[in-house]
Amino acid sequence: MRRYDDPVEVRRGRVGDIEAPEQFVWRERLWVVREVVGHWIETGTWWEQAPVRSLLGLDAGRAQRGPSAPELLAPELLAEREMWRVEAGRGPGWRGIFDLAFDWQGGQWRLVHVLD
């Protein structure tokens, strides 16, 4: 598996029976999705955020009081991205498996993995 963090343009449409990424442009090349292999939601590393670490007593540098409710509801704690694993190709030739991520907070698509 190769890791990337490249922006991609995605066009959603019907792939089989579901609405999903139908095409994407990566490095100036158009890829057509042939099949959706998987779909899931990933959350950010909320357990590593300062307010949570303080609440758990893991930050020695912070006062003994716990975080307030607004700190616990900070947007970065609630960050999610929608992941799509798709099989895509460029015409009749080469096909690959790609992980596309949609960041709900930023509203952007990224290609994050290509499986060999």
Side-chain angles (χ1 to χ4, degrees):
M1 175 187 307
R2 287 182 252 157
R3 295 180 190 266
Y4 296 91
D5 188 26
D6 293 352
V8 290
E9 289 181 42
V10 173
R11 178 177 165 220
R12 291 182 64 112
R14 304 283 307 167
V15 178
D17 295 337
I18 62 172
E19 184 177 328
E22 181 180 50
Q23 300 175 347
F24 61 96
V25 176
W26 178 47
R27 296 185 175 176
E28 300 181 11
R29 292 189 174 159
L30 176 66
W31 294 84
V32 177
V33 174
R34 308 283 188 220
E35 179 182 353
V36 173
V37 179
H39 176 230
W40 65 94
I41 304 294
E42 288 184 351
T43 62
T45 55
W46 57 267
W47 57 91
E48 293 180 358
Q49 302 298 319
V52 174
R53 292 182 58 78
S54 176
L55 180 66
L56 297 173
L58 300 175
D59 281 343
R62 189 171 168 134
Q64 289 297 328
R65 71 171 183 85
S68 66
E71 286 176 302
L72 286 177
L73 297 176
E76 61 272 9
L77 296 181
L78 304 175
E80 290 184 340
R81 66 181 186 174
E82 185 175 4
M83 299 294 299
W84 292 88
R85 179 164 288 168
V86 298
E87 179 181 315
R90 295 188 328 236
W94 191 84
R95 288 185 180 191
I97 303 292
F98 301 87
D99 284 350
L100 302 172
F102 181 72
D103 175 11
W104 285 99
Q105 192 171 6
Q108 295 181 336
W109 284 93
R110 302 194 79 74
L111 183 130
V112 294
H113 300 118
V114 177
L115 285 71
D116 295 348

Non-hydrogen atoms of [X] and [Y] that approach each other most closely:
| X | Y | answer |
| --- | --- | --- |
| E82 | W104 | OE1-CZ2, 3.1 Å |
| A101 | M83 | CB-SD, 3.4 Å |
| E22 | R14 | OE2-O, 3.6 Å |
| E87 | V37 | N-CG2, 4.0 Å |
| V15 | P21 | CG2-O, 3.4 Å |

Task: Validation row: W31, L100 side chains within 4.5 angstrom (heavy atoms) - done: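 Side-chain contact under 4.5 Å: no.
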Is [X] linked to [Y] within one hydrophobic cluster, defined over Ile, Leu, Val, Met, Phe, Trp and Tyr using a side-chain heavy-atom separation of less than 4.5 Å?
| X | Y | answer |
| --- | --- | --- |
| V33 | V114 | yes |
| F98 | I18 | yes |
| L111 | M1 | no |
| W26 | V36 | yes |
| I97 | V10 | no |

Rounded distance [0.5 Å steps], [atom1] in [X] versus [atom2] in [Y]:
| X | Y | atom1 | atom2 | answer |
| --- | --- | --- | --- | --- |
| R95 | E35 | CZ | CD | 9.0 Å |
| R110 | Y4 | CZ | OH | 14.0 Å |
| Q108 | E9 | CD | CD | 11.5 Å |
| Q105 | E80 | CD | CD | 10.5 Å |
| F102 | R12 | CZ | CZ | 8.0 Å |

Task: Salt-bridge criterion met for R27 and D6 (N-O under 4.0 Å) - done: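 Salt bridge flag = yes for D6 with R27.
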Open item on the list: Do the side chains of E42 and R81 get close enough for a salt bridge, i.e. N-O under 4.0 angstrom?
Closed with: yes
Open item on the list: Can you tell me which residue among R85, R2, R3 is in a salt bridge (charged side-chain N to carboxylate O under 4.0 Å, His left out) with D99?
Closed with: R85
TODO: Verify the ring-centre separation between F24 and W109: is it less than 6.0 angstrom?
DONE: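 Here the rings of F24 and W109 have centres that are no less than 6.0 Å from each other.
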